*Asks:* 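Please see the structure below; I have some questions.
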Amino acid sequence: RIAGTLLCLFSICVFTYYAQKYAFFNLSIGRVSPYMGFSKAIWDFSMVVGFVLTGFYLILQFISEIQQITAIVKYRRDAL
């Protein structure tokens, strides 16, 4: 599980990087939505925020998995 969490964390970092590049690109050219006229950067930055929050969750998951592994190792060491 820990390898899967690290793989997901790496992929989220890559997605976040490209999402923020895309958001800043849309912000720099002033792209707007065709119907509402809002800046497209609003939606783009919400995507970036979602990726960042997912990254925080994966970091917490990684810490939890490390604590579980540590507890198992300690339990087995104490059982001997």
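In what follows, residues are counted from 1 in the order of the sequence shown. Model, not experiment: these values are computed from the prediction.
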*Asks:* Just jot down the side chain to side chain contact (heavy atoms under 4.5 Å, CB included) partners of V52, sequence neighbours excluded, or say none.
*Replies:*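 Testing V52 for side chain to side chain contact (heavy atoms under 4.5 Å, CB included), a comparison that skips the adjacent residues, returns T16, V48, F56.
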*Asks:* Contact between F15 and M47 at the side-chain level, heavy atoms closer than 4.5 Å - yes or no?
*Replies:*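 Side chain of F15 against side chain of M47, heavy atoms only: no contact under 4.5 Å found.
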*Asks:* Please list, one pair per line, the donor and acceptor atoms closer than 3.5 Å that link side chains of residues 59-69 to other protein atoms, with sequence neighbours excluded.
*Replies:*
| residue | atom | partner | partner atom | Å |
| --- | --- | --- | --- | --- |
| Q61 | OE1 | Y57 | OH | 3.4 |
| Q61 | NE2 | E65 | OE2 | 3.1 |
| E65 | OE1 | I2 | N | 3.4 |
| E65 | OE1 | T5 | OG1 | 3.2 |
| E65 | OE2 | T5 | OG1 | 3.0 |

*Asks:* Side-chain heavy atoms under 4.5 angstrom apart, residues restricted to Ile, Leu, Val, Met, Phe, Trp, Tyr: same cluster for L7 and V14?
*Replies:*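 As far as the 4.5 Å side-chain criterion goes, V14 and L7 are not connected within one cluster.
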*Asks:* About how many Å separate CZ of R31 and CH2 of W43, when rounded to the nearest 0.5 Å?
*Replies:*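 It comes to 13.0 Å.
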*Asks:* Can you tell me how far the CZ atom of R1 sits from the CG atom of L6, to the nearest 0.5 Å?
*Replies:*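 Here the rounded value is 12.5 Å.
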*Asks:* Show your reasoning for whether side-chain contact (heavy atoms from CB on, under 4.5 Å) applies to Q20 and F25.
*Replies:* CA-CA 8 Å; Q20 67 91 17; F25 170 73; over 6 Å; no
*Asks:* Give the minimum heavy-atom separation between A41 and L27, together with the two atoms involved.
*Replies:*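 Of all heavy-atom pairs spanning A41 and L27, the closest is CB-CD1, 3.7 Å.
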*Asks:* Heavy atoms only: give me the nearest D44-A23 pair and the separation to one decimal.
*Replies:*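 The pair with the smallest heavy-atom distance is CB-CB, 3.5 Å.
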*Asks:* Mind checking ring-ring contact (aromatic ring centres under 6.0 Å, His included) for F24 and listing every partner two or more places apart, or none if nothing turns up?
*Replies:*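 Once residues adjacent in sequence are excluded, the partners of F24 under the ring-ring contact (aromatic ring centres under 6.0 Å, His included) criterion are F45.
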